Amino acid sequence: MDLKGQDIVIFSLFRFDAEIESTSFFLAKQFARENNVYYFDNPYTFSDLLKKQNSPAYQKRRGYFGLFSDKSLKLPGSTIEIFILPILLSIHFLPEGKLYRGLLKVNELLIRTKIRHVLKKRGITDYIFINSFNFHFPGVSNTLTPQLTVYHCLDPVFGDFNGRHGTISEHILVRNADLVICSSKQLFLEKSTVNPNTYFVPNAADLKHSRRALNPELPLSPLLANVPSPVVGYLGSVDHRMDFSLLEYIAGAHPDKSFVLVGPVYGDLPESIERTPNIYFPGKVKFADAPGVIKGFDLCVIPFKKDEHSATVFPLKLFEYLGAGKPVIISDFNPDLADFTLHAATMCTSKAAFADAIQECLENDSDERRAERISVASHNTWERRASDIAELLARALRRLTNPVT
């Protein structure tokens, strides 16, 4: 890794103890091997406080919210310092406009004040500031003095919640950053029109974690205990990306197989999906227990819709499936994925092709194919991605600290 001995501040949309570990925290762990990492958790609002004050996550954070507290949380075996930001005003419900933007500046001032206090207490003056997809707060780095300001763009920003203020806010972030890093080619193409210092670094997998599914002694997840085999599985959020018409079609084409979608369900499921007897939604699973779920899948699928939004998605689960040696079938929601899977995953352009591929993959799997999938995944690890991003950060630092005259 080209980046060594640096102080790195990561302000993330993703909480350090989320049920599904995030890109932000994967990278934070990699950077922390040779750098000092200060991870500022996504802040709670007063609305969050009312809803979650009795939750284990909130209780874990009690005593750490203080504006002028520099107490940090640490995870076992990790050198990352995790800071809990002060509780903020609940303003997201407001319409876009002067009132919202004015109150947003108050919230950003609170965030900035705590970051500045933590850095001052540690005597840190030269540091890298990474906004890891926390597009809700575009002005946090204003009046801070990092050597390098980075925006890490991980998904498209749209919809009733994120798009309400996020589209405008993210544009500000992209425009003002010294460096923009995107997780898909489509995002790169979009952001590079705003900021020429934009680069594409795709998502990856925690191969050590996903390979646990290969351990014959690893018990299967109890979520799959009463599910008939063979199991066609999906692990992740069930949300706006899911092509339910495709899911219904392939489940109808294979009534002898169980289609299991493990993860949180956002929004209402179509009635036709709920009525399909061989489609199961067993619930969420902790990140630590995910290998036991994947082990129980005979075949892994990513049946996403093909639209302008999904074309920007580079799913983490793709290489997690491959790293576990599982056959993988995906819809052609993002054709660029073929460049990284090297035909180790089957990409289908129609419902019929997807249904046919299920049978083919189950009938013709082999040790040779499993080895090929694991090999492809081994070239798409967080270690490699962190190294690629570290090189970009180091080059940007040199560009800014030693400008050509």
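Owing to the predicted nature of the structure, the values given are computational and were not obtained by experimental measurement. Note that these values count all heavy atoms, side chains included, but never hydrogens, waters or copies made by symmetry.
A distance of 6.0 Å separates CG in L393 from CG in L148, rounded to the nearest 0.5 Å. Taken from NZ in K29 to CG in L75, the straight-line distance is 8.5 Å, to the nearest 0.5 Å. Here the CD1-OH distance, from I302 to Y321, works out to 5.5 Å after rounding to the nearest 0.5 Å. Rounding to the nearest 0.5 angstrom, the gap separating the NE2 atom in H240 from the CG atom in D307 is 8.0 Å. Going from atom CD1 of I10 over to atom CD1 of I82 covers 10.5 Å, rounded to the nearest 0.5 Å. Considering CG of L104 and NE2 of H165, their distance stands at 8.5 Å, rounded to 0.5 Å.
Other residues, nucleotides and ligands place no more than 12 heavy atoms under 6.0 Å from the NZ atom of K121. More than 12 non-hydrogen atoms from other residues, nucleotides or ligands lie less than 6.0 angstrom from NZ of K60. Around CD of E274, the count of heavy atoms belonging to other residues, nucleotides or ligands within 6.0 Å exceeds 12.
Stacking of K52 on the aromatic ring of Y44 is recorded, both the 6.0 Å distance cut-off and the 45° axial limit being met.
Between Y38 and F40, the distance separating the two ring centers is not shorter than 6.0 angstrom. For F158 and H309, the ring centers sit closer than 6.0 Å to each other. Aromatic ring centres of F340 and H379 lie farther apart than the 6.0 Å criterion allows. For F297 and F259, the ring centers sit 6.0 Å or farther from each other. Aromatic ring centres of F200 and F188 lie farther apart than the 6.0 Å criterion allows. For F83 and F65, the ring centers sit 6.0 Å or farther from each other.
A salt bridge links R369 with E360: the distance from a Lys NZ or Arg NE/NH1/NH2 to an Asp or Glu carboxylate oxygen falls below 4.0 Å. Between D339 and K185 there is a salt bridge, since at least one side-chain N of the basic residue sits less than 4.0 Å from a carboxylate O of the acidic one. With salt bridges taken as basic N to acidic carboxylate O contacts below 4.0 Å, none links D298 and K257. A salt bridge links D367 to R370: one of the charged nitrogens lies within less than 4.0 Å of a carboxylate oxygen. Using a cutoff of 4.0 Å between basic side-chain nitrogens and carboxylate oxygens, R15 and D17 are not scored as salt-bridged. Salt bridge K351/D356: absent, no basic N to carboxylate O contact under 4.0 Å.
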ring-ring contact (aromatic ring centres under 6.0 Å, His included), that's the test. Do F281 and Y234 meet it? Break it down for me.
CA-CA 10 Å; F281 297 91; Y234 168 88; 9.5 Å; no
Under the criterion ring-ring contact (aromatic ring centres under 6.0 Å, His included), I'd like the reasoning laid out for F133 against H152: C-alpha separation, chi angles, the key distance, then a yes or no.
CA-CA 5 Å; F133 200 51; H152 195 186; 8.6 Å; no
Show your reasoning for whether salt bridge (charged side-chain N to carboxylate O under 4.0 Å, His left out) applies to R373 and D365.
CA-CA 11 Å; R373 292 190 286 264; D365 199 17; 2.7 Å; yes
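Side-chain atoms of D239 and S237 form no donor-acceptor pair, as typed in the model, at a separation below 3.5 Å. Defined by atom type and a distance below 3.5 Å, a donor-acceptor pair is missing between the side-chain atoms of S378 and R384. Side-chain contact check for S24 and S12: at least one donor-acceptor pair (N or O, by modelled atom type) lies under 3.5 Å. Side-chain polar atoms of S90 and S47 form no donor-acceptor pair below 3.5 angstrom. Counted by atom type alone, N36 and R122 present zero donor-acceptor pairs between their side chains at under 3.5 Å. Side chain to side chain, D178 and N197 fail the donor-acceptor criterion of an N or O pair below 3.5 Å.
Shown here are the side-chain hydrogen bond (donor to acceptor under 3.5 Å, both in side chains) partners of S72, two or more places apart in sequence or in another chain: E81. In this structure, N278 has no side-chain hydrogen bond (donor to acceptor under 3.5 Å, both in side chains) partners at least two apart in sequence or on a different chain.
Residue F135 is tested with I168, V157, T167, V174 for a side-chain contact (heavy atoms from CB on, under 4.5 Å); the sole match is V157.
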